Engineer: 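One structure, pasted below without further comment.
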There are 2 protein chains.
Amino acid sequence: MNAREAAREDSLDRLFSALSDRNRRAILAQLMQGPATVSEVAEPLQIALPSALKHLAVLETGGFIRSSKEGRVRTLELREDAFRALEHWVAERQRYWHSGFDRLEAQFLSAKKPKNSP
Amino acid sequence: MNAREAAREDSLDRLFSALSDRNRRAILAQLMQGPATVSEVAEPLQIALPSALKHLAVLETGGFIRSSKEGRVRTLELREDAFRALEHWVAERQRYWHSGFDRLEAQFLSAKKPKNSP
């Protein structure tokens, strides 16, 4: 694995880790409606501020959100990067797994066919 | 959150956790070529058998693979379930995030427009 491939795998590790928690998925769902502050994000989830900040850090590292600070208020918004990378990863694999599942299904159907059928 | 929603979130947590490791993604890539034994999966990754078994357990819990044992040989193959769930999750969100990014882009472009332009 060269350095570029390793960096891509690092970034996919962080991307999927970021999505592996329901609170973080809920934060993304909220930010799809538009930018929000940290407390606006923490409140509906009924989690403490320190927990919310941890989740936001993971989402930021995963490439899903960016934050900006004006005075004492930190505002969060979605970034395209991780979503594009996720779509790309899924699309790249779709034709392989679908062709694989079709092949499996064909094997299953032919295995079930009675011996004396045409 | 009702019990059914909670179960769906549990299953998404496991699905994304399963994908958050490059060795597990490599195992899936290999199994897309067809079923393989545990040692066939462990060898190209140059990981020890106990590590391979741990990764396989996570993939099985995540709904990506199933295994069957004949004599002393355990064979692994892909399952459709997790892939379908992943596709569904991405597809459900695609229109939201794309419309969101289009809106952001429009705001950015209108903000950059000189004041005296038509």
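By convention in this document, chain letters (A, B, ...) are assigned in the order of the sequence lines, proteins followed by strands, and residues within each chain are numbered from 1. Side chains included, hydrogens not; waters and symmetry mates left out as well; all remaining heavy atoms used. On a predicted model such as this, the values are computed, not experimentally measured, just so you know.
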Engineer: What residues of residues 50-61 of chain B sit under 4.5 Å from chain A when you count only heavy atoms?
Structural biologist: none
Engineer: Looking at Leu15(A), Leu86(A), Leu12(A), Asp21(A), which makes the most heavy-atom pairs under 4.5 Å with chain B?
Structural biologist: Leu12(A)
Engineer: Does CD in Glu92(A) sit with more than 12 non-hydrogen atoms of other residues, nucleotides or ligands closer than 6.0 Å?
Structural biologist: yes
Engineer: Does atom CD (Glu70(A)) have a neighbourhood of more than 12 heavy atoms from anything else shown, all under 6.0 Å?
Structural biologist: no
Engineer: Between Trp89(B) and Leu19(A), which heavy-atom pair has the shortest distance, and what is it?
Structural biologist: CH2-CD2, 3.8 Å
Engineer: Look at atom CZ of Arg8(A) and say whether more than 12 heavy atoms of other residues, nucleotides or ligands are closer to it than 6.0 Å.
Structural biologist: no
Engineer: Could you tell me which portion of Arg24(B) (side chain, backbone, both or neither) has an atom closer than 4.5 angstrom to a non-hydrogen atom of chain A?
Structural biologist: neither
Engineer: State whether the number of non-hydrogen atoms from other residues, nucleotides or ligands found under 6.0 Å of Glu40(A) atom CD is greater than 12.
Structural biologist: yes
Engineer: Got a donor-acceptor contact below 3.5 angstrom from the Arg93(A) side chain to the Phe83(B) backbone?
Structural biologist: no
Engineer: What distance separates Arg22(A) CZ from Asp13(B) CG, expressed to the nearest 0.5 Å?
Structural biologist: 4.5 Å
Engineer: Between Gln94(B), Arg14(B), Glu9(B), which has the largest tally of heavy atom pairs under 4.5 Å with chain A?
Structural biologist: Glu9(B)
